[in-house]
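Note that ligands are numbered from 1 as they come in the structure, with each ligand's atoms numbered from 1 the same way. All of these numbers come straight from a predicted model, not from anything done at the bench.
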Amino acid sequence: MVKQPISDPMKIICIGRNYLAHIAELDRDLPTEPLFFMKPDTALLPDGRAFPYPVFSEKVHYETELVLRICKRGSSISLDSAHEYYDAVTVGIDFTARDVQQRCIEKGHPWEKAKAFDYSAPVGEFKKISDLKNAQKISFGMKRNDQWAQQGNSADMIFGFDTIVSYVSRFVTLKEGDYIFTGTPQGVGEVHQGDLLELYLEDEKILKFEVK
Ligand code: ZN
């Protein structure tokens with residue numbers, strides 16, 4: 001039997017509960033180590049497309065997050081060398097079917113149905129971290145229908161980039177081209193069909209799309 005060559009898809013790792021004020025708004029427990037889950041590459045939203053509101057949910061939330069791009073393969077990466085494994089950052093939305101997630105949590109089931117669905121991870125254009133105005137305090141945000149819906153700053157993260165990269169790589173090998181969503185600040189809320197979302201990294205608009 002001839003095997004198909006294995007393609008090399010990228011993966012998306014997402015950190016949960018990484019900002020104090022967001023943990024409080026959803027009444028979740030404070031983590032003692034990073035919490036993560038994954039989305040497949042089919043969660044990416046192709047450029048220029050609208051986000052299709054999923055038919056299986058009546059309460060889809062946006063979570064606006066900084067997203068790291070992995071630039072080098074590694075596992076069991078030390079905290080000291082973690083910065084060598086990512087080189088670029090952007091802003092993305094971790095779309096979450098909150099009603100589905102709540103039912104999963106109540107039953108003790110995995111979150112994939114609520115988090116990993118098609119087009120649930122739109123990401124903007126990546127920027128080299130070395131080109132940012134302030135790589136230690138990266139500001140970001142999202143406007144929904146021209147009003148600020150969420151604004152955050154990397155300085156408020158519980159677990160910083162290096163800790164996240166080092167921790168996740170103890171369990172899962174990171175490869176060039178993988179993305180890591182680093183958690184949402186406070187202010188998550190519902191999206192509706194017809195909404196226009198605009199994502200900002202520092203002062204620059206880096207992605208715009210509609211919900212259909
Ligand atoms: Zn998230």
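The Zn ion (ligand 1) has E63 OE1, E65 OE2, D94 OD2 as protein N, O or S atoms under 2.8 Å away.
Taking CE of M157 as the start and CG of L66 as the end, the distance is 6.5 Å to the nearest 0.5 Å.
Cation-pi geometry between R49 and Y119 is met: under 6.0 angstrom from the ring centre, within 45 degrees of the axis.
The salt bridge (charged side-chain N to carboxylate O under 4.0 Å, His left out) analysis of residues 123-134, with sequence neighbours excluded, yields the pairs D87-K128, E125-K127, K127-E204, K133-D203. Residue pairs meeting the ring-ring contact (aromatic ring centres under 6.0 Å, His included) criterion with at least one partner in residues 73-104, sequence neighbours excluded, are F51-F95, Y86-F161.
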Output a table of donor-acceptor pairs, distance under 3.5 Å, between side-chain atoms of residues 168-177 and any protein atom two or more places apart or on a different chain; print 'none' if there are none.
residue : atom : partner : partner atom : Å
S169    : OG   : S76     : N            : 3.4
S169    : OG   : I77     : N            : 2.8
S169    : OG   : V165    : O            : 3.2
S169    : OG   : S166    : O            : 2.9
K175    : NZ   : D8      : OD1          : 2.7

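Under the 30°/60° scheme for interplanar angles, the aromatic rings of F36 and Y167 are found to stand perpendicular.
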